[in-house]
Amino acid sequence: MTSPHPEGVSPPPHRPLSDWIAGVRPGPPGRPPVLGRVNDGDERTDARTMPRFRTQPWTRTSLVVERAGEHCRALALRASDGSEVVELDDFGVPISVSETGAELITRLEEDWAEPAADPRTVARLRDEGLALRYFLLHRLTRETVAPPPLFHCLPWEHVDAAARSATALLRAETGTPSASPTPPPDGELRHWFTPAASSLAGPLQVLEAGLRTERTGAWFGREAANLLSGLLAVETQRLPSATRDALAGLADALAEADRALHRPARLAAARLTGIRPVTPMRRLLDSDFVLRASSGETRSDRSEFLEEWPVAAVLTMTGNRLLEIEMEIEDHPSPPRRRTVDGPLFQPVTVRPALHTGTPSAGQGTRYWILLHTSAGALHGFIAVLAPDHTFEVDLDAPPMPLRFLDRLSPEELEASLPANEHVTLSEWHHMIDDLAPRHPAHAALAAYASRHG
């Protein structure tokens, strides 16, 4: 939700959908209006936050303007003093809309907290330009809880095509080609789907293109992990059923292609389809072992076992308040070449506090990264961290990620993971990190770690 209105009242319903607008002034006789500069010359300002749209009433309308040398009807706003602005897309081009589309946007804005999402409304939105749909959903997700069916107005058929193509390419590699050739997707997915789901369209497009062009080098682990993370986080009802099925098929293909991805991929597929439930690799623990140990009990360590092929994990809380996490993934007899090209693989584990009800607090906690050592037929990792002094959850559901692609983490997060991997020596860290890109945060993390433990 947006921050409260400074005067304690709700903002006017009709405000820009886009972050760019242009003022309108009359054109020469017989010509369309002339547009002013983007945001009155301040392109870095977000038009949706401009005071002028909160301090006076505006009405939603549309205006015929010139776009790429031709006349088009554009989404616009008219103030009570008669001044008008036209909304612009990411290229500074007027956002096209039909007359009935402008009327539909008017009604949606007037019921902004609970916008209509019936099939007729969704179908009418699909008749409008993609830029209009994107900006409408983008502002809705910023300011309110949009009904999931409203997101079905996006062109999901392009996502379906990309997912089916990537699935066919992966299955062909594993010897199970599809029954009929799958054509490549039509056009780029770009950012149009981000209001419905982050980390979905971008990784999917790169994944499909990389498989189709047989791209070499390190890239697969990043895109596969990012896509699975997006599928594990998406509100599934925002996706049409055909899209859920197509993405579930791709998740299944990823599970078969690489056992390091098997569990999160199966979990993603289960979330999308609602069938073949997969038990989450999470466990709620508490630290009352400290009290038992201090009261004279002979055995102060306690272990919890989690197993879902091909992953097995042991969580141990020791008498000296350490949480030890040991995990093993049964690997292919010959690991996929793509994984070896990607370099060292790290499994994320999140330790997050539980709420008073004993349930985990989503989105909070501390994330550690476990180095997965490669051995004959298995990937194996171990970390030891200080256990929280309250009830907490240990979450191992996220997909592993190659170290080289952990370049957007903070050095502090990586630094906490270095001593946690107790069985990894300083020289081994140097061997893994020294050749990474100069700006990779692992360099700063290693320098800080070495200064304390060198």
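- Counting heavy atoms from C-beta on, the side chains of L200 and V159 come closer than 4.5 Å.
- Salt bridge R60/E110: absent, no basic N to carboxylate O contact under 4.0 Å.
- Ionic pairing of E223 and R215 is not present here: no N-O contact between side-chain nitrogen and carboxylate oxygen is shorter than 4.0 angstrom.
- Within the 4.5 Å cutoff, the side chain of E330 has no heavy atoms near those of the H262 side chain.
- Using a 4.0 Å cut-off between a side-chain N of Lys or Arg and a carboxylate O of Asp or Glu, R48 and D46 qualify as a salt bridge.
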Under the side-chain hydrogen bond (donor to acceptor under 3.5 Å, both in side chains) rule, what do S62 and E99 come out as? Steps first, then yes or no, please.
CA-CA 7 Å; S62 63; E99 286 189 77; 5.6 Å; no
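- Between the CG atom of L371 and the CG atom of L379 there is a distance of 10.0 Å, given to the nearest 0.5 Å.
- Heavy atoms of other residues, nucleotides or ligands lying less than 6.0 angstrom from NE2 of H430 number more than 12.
- Counting only heavy atoms from C-beta outward, the side chains of I383 and S417 never approach each other to under 4.5 Å.
- Salt bridge status for E413 with R367: present, with a side-chain N to carboxylate O gap under 4.0 Å.
- Note that the CZ atom of R338 and the OG1 atom of T216 stand 11.0 Å from one another [nearest 0.5 Å].
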Would you sort out whether E128 and I105 count as a side-chain contact (heavy atoms from CB on, under 4.5 Å), showing the intermediate values?
CA-CA 11 Å; E128 298 297 325; I105 298 300; over 6 Å; no
Please lay out, stage by stage, how L75 and S18 fare under the test side-chain contact (heavy atoms from CB on, under 4.5 Å).
CA-CA 10 Å; L75 190 68; S18 168; over 6 Å; no
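- Note that CG of L267 is 10.5 Å distant from CG of L231, once rounded to the nearest 0.5 Å.
- Using a 4.5 Å cut-off on side-chain heavy atoms (C-beta onward), V424 and M432 make contact.
- Ion pairing between R339 and D258 holds under the 4.0 Å rule for side-chain N and carboxylate O.
- Going from atom CD of E256 over to atom NE2 of H332 covers 10.0 Å, rounded to the nearest 0.5 Å.
- Ion pair R190/D90 not flagged as a salt bridge, since none of the NZ, NE, NH1 or NH2 atoms sits closer than 4.0 Å to an Asp/Glu carboxylate oxygen.
- Among the candidates V65, L77, L63, V85, the single residue satisfying the side chain to side chain contact (heavy atoms under 4.5 Å, CB included) test with V24 is L63.
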Determine, step by step, whether F346 and I370 satisfy the side-chain contact (heavy atoms from CB on, under 4.5 Å) criterion, reporting the C-alpha distance in whole Å, the side-chain angles of both residues, the deciding distance to 0.1 Å, and the verdict.
CA-CA 5 Å; F346 280 72; I370 307 175; 5.9 Å; no
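- Annotation: F193 is in aromatic contact with W156 [ring centroid separation under 6.0 Å].
- Counting only heavy atoms from C-beta outward, the side chains of P115 and T121 never approach each other to under 4.5 Å.
- A cation-pi arrangement, defined by a distance under 6.0 Å to the six-membered ring centre and an angle within 45 degrees of its axis, is absent between R15 and F53.
- Put simply, the side chain of P94 reaches to within 4.5 Å of the side chain of L88, judged on heavy atoms.
- Going from atom OG1 of T141 over to atom CG of L136 covers 9.5 Å, rounded to the nearest 0.5 Å.
- Closest approach of A246 and R164 over heavy atoms only: CB-CG, 4.3 Å.
- In this structure, D434 places its CG atom where more than 12 heavy-atom neighbours from other residues, nucleotides or ligands lie under 6.0 Å away.
- Surrounding CD of E188 are at most 12 heavy atoms belonging to other residues, nucleotides or ligands under 6.0 Å away.
- The side-chain heavy atoms of L306 and V311, taken from C-beta on, include no pair separated by under 4.5 Å.
- The aromatic rings of H440 and H443 sit perpendicular, their planes meeting at an angle over 60°, well past the 30° parallel limit.
- Using a cut-off of 4.0 Å between Lys/Arg side-chain N and Asp/Glu carboxylate O, R139 and E87 are scored as not salt-bridged.
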How far apart are the C-alpha atoms of R263 and I329, what are their side-chain angles, what is the distance that settles it, and do they pass the side-chain contact (heavy atoms from CB on, under 4.5 Å) test?
CA-CA 10 Å; R263 270 215 83 265; I329 303 174; over 6 Å; no
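- Separation of atoms CD (E415) and OH (Y449) is listed at 10.0 Å; rounding is to 0.5 Å.
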